[in-house]
Amino acid sequence: QVQLVESGGGLVQAGGSLRLSCAASGRALSNLLMAWFRQAPGKEREFVAGITWSARYVDSVKGRFTSSRDNAKNTVYLQMNSMKPEDTGVYYCAADRWGRTISTTPGPYDYWGQGTQVTVSS
């Protein structure tokens, strides 16, 4: 069993930055494909970024968000810069124990964190 715990959410003004962390336990991070999703009120959960040995991003965050992983700390990060009000939502990290390619849909992911709220004010 894998446990994922996100941290780093909060309130930020438009144009500001936040860094989310997702600490994994129960399995080595190097054996997992990791991803970030977000969900705004009344909307479906949306893929934001995924990372294996490379990273993939949804178009709306390209050039602003960067995902990275520290296998020694069993932690993945999402650095969010130049934030916009439309980035507001609950951010979740997810792990796919069998993945070879990054899926942009939630279905293939086996483990999820509890989520952390990110609010961007205009």
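Note: hydrogens, waters and symmetry copies are ignored here, and every other heavy atom, side chains too, is used.
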Tightest non-hydrogen contact, residues Ser82 and Ser17, listed as N-OG, 4.3 Å
Say you draw a straight line from CD of Gln3 to SG of Cys22; how long is it, rounded to the nearest 0.5 Å?
-> 11.5 Å
4.5 Å side-chain heavy-atom contact, Met80 and Val118 = yes
Verify the distance criterion only: is there a donor paired with an acceptor across the side chains of Thr66 and Gln79 at less than 3.5 Å?
-> no
Test item: Thr104 and Arg56 side chains (from C-beta on) under 4.5 Å apart, heavy atoms = yes
Are any of the side-chain heavy atoms of Met83 and Gln13 separated by less than 4.5 Å?
-> no
Please collect all ring-ring contact (aromatic ring centres under 6.0 Å, His included) contacts where either partner lies in residues 52-95, sequence neighbours excluded, each pair once.
-> none
Shortest non-hydrogen pair, Phe37 vs Ser103, comes out as CZ-O, 4.3 Å
Minimal non-hydrogen separation, Thr75 against Ser21, with atom names = CG2-CB, 4.2 Å
Carefully, step by step, assess Asp87 and Lys84 under the rule salt bridge (charged side-chain N to carboxylate O under 4.0 Å, His left out).
-> CA-CA 5 Å; Asp87 294 323; Lys84 303 176 181 180; over 6 Å; no
How close do Leu18 and Val12 get, heavy atom to heavy atom, and via which atoms?
-> CD1-CG1, 4.1 Å
If we only count heavy atoms from C-beta on, is the Arg38 to Leu78 side-chain gap below 4.5 Å?
-> no
So, for Gln117 and Thr88, which heavy atoms are closest and what is the spacing to 0.1 Å?
-> NE2-CG2, 4.1 Å
To the nearest 0.5 Å, tell me how far Glu46 CD sits from Thr105 OG1.
-> 13.0 Å
Check: Gly89 main-chain N/O paired with Gln39 side-chain donor or acceptor under 3.5 Å | no
Sidechain-backbone polar pair: Glu6 side chain, Thr116 backbone, donor-acceptor under 3.5 Å = no
Could you state the interatomic distance from CZ (Arg100) to CH2 (Trp98), rounded to the nearest 0.5 Å?
-> 8.5 Å
Mark yes or no for whether Asn74, through its side chain, and Ala24, through its backbone, hold a donor-acceptor pair below 3.5 Å.
-> yes
Does some side-chain heavy atom of Pro106 sit less than 4.5 Å from a side-chain heavy atom of Phe47?
-> no
Between the side chain of Asp70 and the main-chain N/O of Lys73, is any donor-acceptor distance below 3.5 Å?
-> yes
What's the spacing between Ser67 OG and Leu20 CG if we round to 0.5 Å?
-> 10.0 Å
Contacts of Ala95 meeting side chain to side chain contact (heavy atoms under 4.5 Å, CB included) (sequence neighbours excluded), chain-then-number -> Leu4, Leu32, Met34, Tyr111
Are any of the side-chain heavy atoms of Arg69 and Leu29 separated by less than 4.5 Å?
-> yes
